[in-house]
Structures are given as structure tokens and as C-alpha cells.
There are 2 protein chains.
Amino acid sequence: MNMRRTTIKDVAEAAGVGVATVSRVLSGGSASPETRERVLNVAAQLDYRPSALGRNLRQRRSGGIGLLLPDITDTFYGRLADGVLTCARSAGEPVILGATGDDPEREAELIGTLLEQGVDRVIAVPSGDGDGWAPTLRAGLTTVFAHRLSPGHADIPTVLADDRAGIRTAVDYLTGLGHRRIAYLGGPGQEQRLSFFRLALGPLVDEELIVVARGSRDSAYAAAAGLFQHRPDLTAVLAGGNLLGEAAVLAARELDLRIPRDLSLIMFDDVPWAELCAPPLTVIAQPAQDIGYRAAELVLRGGTRRPRGVLLPTELIVRGSCAARGTSRSPR
Amino acid sequence: MNMRRTTIKDVAEAAGVGVATVSRVLSGGSASPETRERVLNVAAQLDYRPSALGRNLRQRRSGGIGLLLPDITDTFYGRLADGVLTCARSAGEPVILGATGDDPEREAELIGTLLEQGVDRVIAVPSGDGDGWAPTLRAGLTTVFAHRLSPGHADIPTVLADDRAGIRTAVDYLTGLGHRRIAYLGGPGQEQRLSFFRLALGPLVDEELIVVARGSRDSAYAAAAGLFQHRPDLTAVLAGGNLLGEAAVLAARELDLRIPRDLSLIMFDDVPWAELCAPPLTVIAQPAQDIGYRAAELVLRGGTRRPRGVLLPTELIVRGSCAARGTSRSPR
DNA sequence: CATGTTCATGGAAACGATTCCATCATGCTT
DNA sequence: AAGCATGATGGAATCGTTTCCATGAACATG
């Protein structure tokens, strides 16, 4: 009944060699062809699988990649996670997932758990201002940031969508349609995007039209509704994420603002339901999956080379949520 | 520069006790009050965190929970994962995530990885007919199934939404509206639901109106479009998942079938966009998060008691995607 | 006072891999 | 033929923890 796992010792014994030899053969070290074959045969025979436990202890690091996301419920992060998973699977590495809720404290706690587990490679969408990362990095974690960069850590490789171009294109599109009072509805950790928005808008920028919500759905809805009520003169809004976009659509509907007649909307991230919406939403598509995949590649490549980071293209997908601000309509 | 981690030995030395005592104190064993305090102080002082690596090896199991989902991109599973994460976090346990893609082979491969890591607790949405699980269970994994039960493994604790009641309610609602030719659009692993559907429909059941797609979006769309084209006489459809629902809406639009005028639709799973859809979708809401949370509770409780499983309530949320099949409309 | 019981305690043996190092055989050079 | 480089090999140390076991003290019971 006592089904002990077969260990390297069993294999060594059965093959008539030392454990060292088995270890070498299995991890690609040098060995004579005959020995190699014999060991491999025996290993296969016994269905031997090296225990990660022993290896990890010896090497003082567990394999595996830590993945820290604000919210796994958000489709965008779901797709990002999927990219990471895909890459990790092809490398045979397990992925440990944690949800930070965009809370630096929780993030720090999760990092603690990871360190305890001996995880030494982390992919994260950093929350907060990134102060919490300093001790982590000193602890020797190979870190890659995804989707957001952290203000204080320009040295950490980061995989980003080209928000600058995305926003520029979107804003140009809107101004081209005649819009002048364009609002930005943002979420946590979007300082970067915000500055791009200001840049793209130039002299048209109106600080009152820039609203930042916290991470939750409620907060997003409140922000959108507040914005629309407070400034009924705005004609277009750029939502910095699918949660924000959802909130904008909901709030607009509630306030009886028709999209796109009364309000043009562009949303970040091309989620499947953007097409199902009425009207279908014009979006800035981000390669969420790719972001995850590339981040995983970077973190797996490890400390060897340290690429500066990766910038992936975004794409404006025009559907039906933006209308021209013609001269025909009277300015109230 | 050589910042060695502080080990239990360091703590023992600094506190003037043996390592065994430190270990006992830290894991709640017996020790004299003075010693206990001294050790705790020193440990705090040195910022000692026990390495999971050593412990895992000794105990021949890594903590941690394996979570195997068909597709982390699907909001439903995202929410389920969130539930698991929430519960696991409160227990301080890491969660290792794997995406099976509803492919038993990939599932088996992932289980292999988990075993290699010494993971001994798994929450899974089982794919396939569950044959692959027999060896796993023999290996002593504490397993909990979520969302789907596995045909061959009635003995494994399983957390399910009450599909039977959900389907019954939905079907009753549709028949009450006068629908007679009701289709079912299912995904992989829904044998259970299918049988409930047949049961609920009774003599009205029409096997030709039951279509099962594979997991992908394309496959779902093809199934929906095929169904609608092949049987234009159907008046209502029950979509067994949000991907299927999405496909149904898309296919209907493509074929110029108006919802709900030409086609009534009820979708399993209340995703946020159901409300944004035009018209808003009537859905059978499932407590995805709870399913995950409860599954995590069960798997953490472990082998002690073996509860039969958990059945969580579903709810029919009526929005605007179903219309009465009045006598006014001519039967083509 | 002798004996048994109950504790707290520390040394040492696991756990299962990797890897350093010494050993030995072999083949090549001079 | 002696010396040397090369390569295969196995023993043993190591990683950081938990846990078994022996020890000794303190205390209670007869």
C-alpha cells in the first residue's frame, strides 16, 4: 500500500549506476552513449519523474513564474494571463497567479508569498507607485512588468502596448470628426496614458474633463455618471479600459445620452462584447495575449541579456460609437 | 554582497536554542513561554521567513493549490478563479494556474507538471470523460471538481451550480411564453446540462435542435449559424455559456434574425455585457465566484471529512431577449 | 527516598535532487 | 615507456526544513 514515489536512487540502482550519473543524463550532462541509453530506458520503465522539490531545494529556487495581476476577472488581464500561460507551458514552467486588486499592500503580501515559495521570476502589472518593488528587486527576483510601467523603475524590462500611438490615433480621429471637448475616463495606474492624452490633445485639453476612477465597477460607473452630469457639454469620451467603457455605456444610457448621437465613445481594449454592443463600440485594440506572451519570454530568458523592453502596436478599430460633430447641430 | 537568506539555523543560533525548538515554536508546537517569546523576537528581528523549499521537501508535498480551467479568457472561469484566489489568499496558499483548453491530453500534461511540483491539492473543471483522472487520484491528490462533474467520478467532491433548476426555470419561462421549438446550444462537457434540458423539455424535445460546439469562438459561431440556418422554424434558443450566447447573438444578427422578435434567447451565465447588449440578454446567473470559493474551501479542508459536494443556486434574470410567441404571428 | 510521568529541549536523520571532487581508465604525446 | 590530458563515473556534501528520539530536569506519587 505504501506506494513510495520512485526516486533517482531507485533509477540509479536499477540501472546499476550512481545517482550522480542519472542526474547528469537526465539534465543533459555528459555521459557515455551506452550509459545514457541504459539510464533513459530504466527511467522510462519505472516511469520516473524527478521531484521538483528536491531540485528546488538544492538550487535554492523553485522554478515557476509568479504572475501578479490587478484583477483576473477583467477580460484584458484574462487574455494577458492566457499569453503567459501559453509561453510558460511550452517551457514546462508552472505559473503561480495572484490578484493584487491594484492594492500595493496586497501586492507586497503576494510577493512575500512568492519569495517564500522560492519563486524567483515574476511578471507583474505593477500597482501603486512601485515603491514596494525595491526590496523585492534587491532580493534578486527576475522581474518583468507588463501593461504598465512603474514610475520609479525604468530599469525593469517592461512590455507595453503602444498607448501613445493608440491615443494619438484615437484623439486625431475624434478631432477629425469635429470634436473639441473630449473627456478621458481613466483607471488606476494610468498616469502614462493620461500624459499621452494631454499631449495628443494639446491646447484642447480641459483638466475638468479628465476623471480617474478606482478599480471597481461601482467606482467606474460613479466616475462616468459624474462626468456626464457635471459636464453635459462634452461630446466625446475616451475610456481607458473595458471596465471604464462599460461604465460609460451604462451611465450614458441611464442619463439618456445616445451613443453616438449625443456622445461619441472610444474604448481601450477590444473585448468580444464591443461588437455586440448597440452601437458596436469603436475601440483601441491592444494585443493583450501578446503582451503576456512576450513578458513570459522575457522573464524566462532571465538575467542574461536585459532588453530595454517591448512595445507592441495598438490598432484603432472603427465601429459605430463615434459620430461627426457636424455644424448642423446647434451648440445647445 | 553575498546576502544569504536567513535560515532557521541563524535564528536558532541568535536565540541560543536548537533548530528543533525554533521549528516547533514557529509551527505552533509546545515550548516554554520564555523560549517561545525569545525565539519569536529574534525571528522578527532577523526578518526570518521560513523557506517553503525546505519544508516542502521534508513533507514531500508543496503547499499550494493547482487550478485547472478550460480557458482563463472566459469571464466565467475568470470569476471562478477569482473565488479560488480569494479563499486561497486567506489561507496563505499559492495557486498554480493551468489552462486545459478542454483537452484531456493537455489536462493530463498539466496534472503531470503539478505532481512534479509536489502539489497535492487540485481544483479542476474536468475536461473529457474523466478517464485521465484515475491515475491522478491514485497518486493521492486531494481533488475537487468545479462547475462540471466527471461521469466516472461520483466519489469526488464537486461544486456545481444548480443547472437542473436553472434549466427547468428557463425552459418553463420559454414555454410559458408560447415557445415550442426550443434549441439548445451547448459546449464541451455539458452532458449533464443536456440531459436536464431534455428532461425539462419532455415531449417537446427535438434532437435536431440540440447542437454541441467545441470550445472555441469559431466553433461556437459555426454551431449557432448552422443551427439557425438549418432550422429556421425554431423560435427560442438556450445558450449553455457566455461564449455560446455571444455566438448566438452574432449569428442571429448576421442572418438578420431579430432578437427577441424572431428569436428568443436565454444565455447561461450573467456576464457584465449581457446588460449592454441590444437587447439586454435574459440570463441564467451562476455564482461563478462562489463556486470557486467553495471549491477552494473544500480542497483546503482536505481529506478529513469528505462532503458529498455542494450545489449552489442559479437565478433566472429576465431582461429583454425573450418575447412571447403570440398567436398573432403567422406560422410562416 | 525511589520510581514513574511529564515536559522542554537539542542532536541528528530524513526528504530528493544537484554538483563538487576524487578516482580510474583510456588514449595521446614526447 | 613515462607523462599528461580527457572523459566517464560514483561517493558524499549540500540545500532548509520537520520530526524522531534521547536526554535531563522537575515534579508527583507511592
Side-chain angles (χ1 to χ4, degrees), chain A residues 2-40 42-43 46-64 92 94 115-120 139-140, chain B residues 2-40 42-43 46-64 92 113 115-120 139-140:
Chain A
N2 189 6
M3 278 280 284
R4 224 180 76 273
R5 256 183 93 104
T6 65
T7 76
I8 199 176
K9 218 167 162 185
D10 302 327
V11 177
E13 215 159 301
V17 299
V19 290
T21 306
V22 177
S23 174
R24 263 179 307 236
V25 168
L26 260 31
S27 48
S30 71
S32 75
E34 316 92 72
T35 325
R36 148 159 284 122
E37 197 185 356
R38 188 146 39 93
V39 168
L40 287 178
V42 171
L46 297 185
D47 189 33
Y48 168 67
R49 310 204 51 165
S51 152
L53 268 37
R55 173 184 13 226
N56 291 348
L57 177 55
R58 174 63 223 243
Q59 310 189 143
R60 311 159 88 168
R61 43 159 289 228
S62 95
L115 283 179
E116 201 167 304
Q117 297 297 319
V119 169
D120 63 346
Chain B
N2 189 8
M3 276 280 284
R4 223 180 77 275
R5 254 184 94 103
T6 66
T7 74
I8 201 176
K9 218 168 163 183
D10 301 325
V11 177
E13 215 159 301
V17 299
V19 290
T21 306
V22 177
S23 174
R24 260 177 309 228
V25 167
L26 261 32
S27 48
S30 70
S32 76
E34 315 92 72
T35 328
R36 146 160 285 123
E37 196 185 356
R38 191 145 37 94
V39 169
L40 288 177
V42 171
L46 298 184
D47 190 32
Y48 167 68
R49 312 203 48 165
S51 152
L53 268 39
R55 175 188 5 224
N56 291 347
L57 176 55
R58 174 63 225 242
Q59 309 189 144
R60 315 159 84 161
R61 44 160 289 224
S62 92
T113 311
L115 283 179
E116 202 166 304
Q117 299 296 320
V119 170
D120 63 345

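Model, not experiment: these values are computed from the prediction.
- Distances shorter than 4.0 Å separate some side-chain N or O of S30(A) from OP1 or OP2 on dA8(D).
- In the set dT18(C), dT9(D), dT17(D), dT18(C) carries the atom at the smallest distance from any side-chain atom of V19(A).
- Atom pair I8(B):CD1 and dG11(C):C1' shows a separation of 14 Å (rounding to whole Å applied).
- Residue-level contact check: A20(B) touches the bases, meaning some heavy atom is under 4.0 Å from a base atom.
- The base of dG16(D) does not come close enough to the side chain of R49(B) for any donor and acceptor atom to sit less than 3.5 Å apart.
- Residue G18(A) is classed as a sugar-phosphate contact, given heavy-atom separations below 4.0 Å to backbone atoms only.
- At the heavy-atom level, L57(B) lies under 4.0 Å from base atoms of the strands shown.
- Out of dG10(D), dT18(C), dT17(D), the shortest distance to the side chain of R55(A) is found at dT18(C).
- For the pair Y48(A) and dG16(C), the criterion of a side-chain N or O lying under 4.0 Å from OP1 or OP2 is not met.
- Side chain R58(A) to base dT14(D): a donor-acceptor pair is found below 3.5 Å.
- Toward the 5′ end of DNA chain C lies the nearest nucleotide of R38(B), the other residue of the pair R38(B) and R24(A) mapping further downstream.
- Dashed line: the shortest gap from a side-chain N or O of S32(B) to OP1 or OP2 of dT9(C) is under 4.0 Å.
- If you check every strand for non-hydrogen atoms under 4.0 Å, G16(B) touches sugar and phosphate atoms only.
- Counting non-hydrogen atoms under 4.0 angstrom, T35(A) reaches the backbone sugars and phosphates but no base.
- Proximity of T21(B) to the phosphate of dG10(C): a side-chain N or O atom is located under 4.0 Å from OP1 or OP2.
- A close approach under 4.0 Å does not occur between any side-chain nitrogen or oxygen of S23(A) and OP1 or OP2 of dA17(C).
- For T7(A), whose side chain is taken as the heavy atoms from C-beta onward, the closest listed nucleotide among dT18(D), dT9(D), dG16(C) is dG16(C).
- Within the structure, a side-chain polar atom (N or O) of R60(A) is placed less than 4.0 Å from OP1 or OP2 of dG16(D).
- With rounding to whole Å, N56(A) atom CG is found 15 Å from dT14(D) atom C1'.
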